[in-house]
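Small disclaimer: the values here were computed from a predicted structure and weren't measured.
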Amino acid sequence: AGAMQFTISNTGGGTGNNTAPADATGVVLTVTLPPQFGFTGSVPAGTFTSPTLTVPVGTIPVQESTTVIVHGVGVGTGAGEVTASVTGNE
């Protein structure tokens with residue numbers, strides 16, 4: 001068994017005319033897992049539709065961070081690529 005850890009930080013810097021620190025709301029982590037990683041769960045819980053895991057993180061207060069842990073087991077052999085992206089309302 002193995003695990004991957006993703007840390008998402010809200011540094012509070014806005015863009016354009018919105019440079020005031022603000023909470024990040026509606027944060028979602030999307031991870032594409034390789035076939036060599038057999039997904040078994042995540043904390044917080046997410047939805048897995050192979051090969052994509054979607055984890056609703058929610059709100060991250062300004063200057064704070066949160067961690068998402070993805071659990072799985074090795075399946076088969078060979079190297080695989082993991083891609084991740086974070087979206088939110090701000």
Of all pairs that satisfy ring-ring contact (aromatic ring centres under 6.0 Å, His included), the ones with a partner from residues 69-90, not counting sequence neighbours
none

The criterion is side chain to side chain contact (heavy atoms under 4.5 Å, CB included); which residues satisfy it with Pro56, sequence neighbours excluded?
none

Side chain to side chain donor-acceptor pair (under 3.5 Å) partners for Asp23, two or more places apart
none

Contacts of Thr87 that satisfy side chain to side chain contact (heavy atoms under 4.5 Å, CB included) - sequence neighbours left out:
Val28

Check for a donor-acceptor pair, side chain of Ser9 on one end and backbone N or O of Thr11 on the other, with a separation under 3.5 Å.
no

Derivation and outcome, side-chain contact (heavy atoms from CB on, under 4.5 Å), residues Thr67 and Gln5:
CA-CA 7 Å; Thr67 300; Gln5 179 172 308; 3.3 Å; yes

Cluster partners of Ile69, using ILVMFWY side-chain heavy atoms under 4.5 angstrom, listed by chain and number?
none

Using side chain to side chain donor-acceptor pair (under 3.5 Å) as the criterion, list what pairs up with Thr40, not counting sequence neighbours.
none

Apart from Ile8 itself, its cluster of hydrophobic side chains linked below 4.5 Å comprises Met4, Phe6, Val27, Leu29, Val31, Leu33, Phe37, Phe39, Phe48, Leu53, Val55, Val57, Ile60, Val68, Val70, Val82, Val86

